[in-house]
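Heads up: the structure comes next, in structure tokens.
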Amino acid sequence: MMPLNDVEPNRYASFPIMTLGLIMINIMVFSYERMIFTGVSDQYYAWLQMYGTVPALILSREGGGALTAVTHMFLHGDIWHISGNMLALWVFGRRVEDVCGPLRFLMFYLVCGIFADIVSTLVLIDSPIPGIGASGAIYGIMSAYLILFPKGRIRTFVLFFYVPLFPKIRAYWIILYLLILQIGPAAMTLLSGAQYRTGHWAHLGGFFGGLFVFLFLRAEAYHRVRNTLPL
Amino acid sequence: MSLPNGLFQNALKAYRAGDFETAKLLLIEFLQGNPQNEQAWFWFGRVTKNPEEKRSAFERAVQLKPDWTEAQAALAAVEQNQIRHTLGDWQIDLTDLYGEAKVAVENGRFSEALRLLKQHVQINPDHANGWLALSRLSANPELKIIALDKAVQLNPKNKKAKKQLKELKSTHRHPLKLGIAFESVGELEQAYSAFRKAQRKAKSSAGRQEAQNRQHAVKQQIKRQQMRITTPTYTLVRLAAGPVTLYGLLLLIQAGLNPLRIPFVFYVGTLFVILGSLLLTLVYLTPNHHLNGKLMDSAPVAEQAKTAVFSLIGLFCIVLPFLLLFMQSVNRLELLRASLF
């Protein structure tokens with residue numbers, strides 16, 4: 001299941017400048033990486049060690065620290081990684097930015113990404129593998145979308161017995177489905193030390209970090225918006 | 001974020017739909033950003049039930065637009081009512097309208113008595129006997145129940161009225177109509193119960209759907225009534241929390257997730273970020289906060305210049321700690337680069 005677009009008829013009050021801006025920055029950084037590095041080389045790995053989140057380096061206070069907490073969100077491994085993340089940001093980010101305004105959206109995005117970073121570091125304590133990607137922050141955006149627009153309809157791509165379908169599905173189904181997908185692997189990581197390419201704990205950290213921020217620091221916005229928007 | 005005139009328009013829409021509580025909340029928010037808008041003060045006076053608030057609001061409207069006759073008349077009416085209320089409960093029985101209604105009933109002029117009683121309860125909504133009389137006189141079953149319900153709310157010790165109310169509710173055949181009537185007078189909980197009953201008793205799916213829709217709409221209104229209103233200081237702190245949260249989290253990562261390893265200079269940096277955020281929020285986002293008034297009145301220069309200066313100070317206080325933190329990160333990154341290459 002892959003979300004493709006937000007199809008609610010009521011359009012946005014303002015242009016989603018920050019969402020688009022973040023997407024453009026991610027694409028530019030990815031393009032730069034592809035120009036500088038050809039394939040997975042030692043130099044590329046060193047680049048990831050410097051600008052990605054390496055739990056072992058964070059805990060030993062080596063490397064970029066606070067800087068990598070921000071830079072890791074703009075690095076992506078391959079075209080599928082960046083495409084999936086940017087599509088999700090496009091689908092869910094516009095309406096959340098419409099509610100918060102661009103600057104608060106950016107701050108919320110960064111805070112969710114850093115929450116994801118912290119949780120991932122705490123779980124994978126001595127891991128030397130760099131963590132990269134915007135998905136922690138995007139899960140935070142999805143948590144905000146879940147609170148604000150749970151019944152919002154999303155055009156989704158679904159493969160049903162190899163038949164491609166494009167139904168409109170309520171946002172709560174999609175977001176909860178994507179969240180539940182993280183729980184099993186996250187539990188396996190914690191209990192048996194299993195390793196996965198995807199940072200499931202980062203996703204969970206970003207999601208619950210976003211919930212925390214939205215419900216406690218922005219509780220009034222939630223109350224106000226929930227009772228005035230038609231979704 | 002809705003624009004101020006959007007708030008005002010929404011408040012008027014809510015007022016016209018009979019949702020006075022929502023209109024009041026929206027007007028409060030609008031007036032926080034536009035305290036010089038006489039129209040908003042006038043409408044606030046109309047939607048609030050509190051007599052002191054009514055009086056203050058109309059007074060403000062008249063202050064802002066002294067030649068506005070409608071506002072002057074509204075203020076005069078409120079002042080007259082307040083004089084009546086201060087006479088004490090037993091005097092309220094002798095208000096002109098209630099007394100006239102009694103006389104009309106004695107002379108067999110029931111429609112006139114009904115009209116007078118309706119006017120009386122609008123001016124004196126806390127007069128239980130007025131509602132009781134209205135209930136007895138009215139032939140409309142919904143109005144009977146509403147008036148009796150009000151009378152019982154105001155005087156719960158009236159057992160006879162309570163029993164009568166129970167009987168009327170149980171024998172009422174059109175709970176949907178009753179729900180609509182309760183909703184129109186702002187008795188949302190009663191309206192919700194009536195719509196639930198209507199949904200259970202509906203004979204067709206269209207009737208059930210209508211009752212369900214109305215139930216849902218009333219529930220939303222009840223939720224809005226329960227919506228918290230924040231104080232200006234709470235709003236100030238909440239809006240200023242963003243940069244501090246971000247800085248705190250970055251600091252924690254920089255210190256290897258161990259707060260005890262954070263150097264003292266960064267604690268000072270946190271204070272700078274807090275002060276800078278509060279200053280910027282005070283200047284831009286909470287202009288009606290009392291501290292904003294003190295800040296802006298303190299320096300003897302033009303307001304725009306003051307805003308620019310305080311904004312620059314606030315930005316500097318926020319940006320400097322972040323810059324220092326990132327500079328330390330860059331230094332550490334250079335050491336890592338040296339070890340990797």
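The shown structure was predicted, so the numbers you read here are calculated from the model rather than taken from an experiment. Order of the sequence lines sets the chain letters (A, B, ...), proteins ahead of strands, with each chain counted from 1.
The closest side-chain heavy-atom distance from A/Arg61 to B/Gln254 is not below 4.5 Å. In this structure, B/Arg337 and A/Met50 have side chains that are in contact, with non-hydrogen atoms separated by less than 4.5 Å.
There is no contact between A/Phe108 and chain B, counting heavy-atom distances below 4.5 Å. When heavy atoms are compared at a cutoff of 4.5 Å, B/Leu252 approaches chain A solely by way of its side chain, counted from C-beta outward. With a 4.5 Å cut-off on non-hydrogen atoms, B/Leu249 touches chain A through its backbone and its side chain both.
Residues B/Leu246 and A/Met107 come closest through the heavy atom pair CD2-CG, 4.1 Å.
Within a 6.0 Å radius of OH in B/Tyr267, more than 12 heavy atoms belonging to other residues, nucleotides or ligands are found. Within a 6.0 Å sphere centred on CZ of B/Phe272, other residues, nucleotides and ligands contribute 12 heavy atoms or fewer. Summarising the local packing, CD1 of A/Ile25 is surrounded by more than 12 heavy atoms from other residues, nucleotides or ligands at distances under 6.0 Å. Within 6.0 Å of atom CZ in A/Arg170, more than 12 heavy atoms from other residues, nucleotides or ligands are found, so the atom counts as buried in its surroundings.
Rounded to the nearest 0.5 angstrom, A/Ile58 CD1 and B/Ile253 CD1 are separated by 5.5 Å.
Per-residue counts of heavy-atom pairs under 4.5 Å with chain B were compared for A/Gly65, A/Pro55, A/Ser60; the largest is that of A/Gly65.
Each of A/Leu67, A/Ile114, A/Val111 was checked for a side chain to side chain contact (heavy atoms under 4.5 Å, CB included) with B/Leu250, and the lone residue meeting it is A/Ile114.
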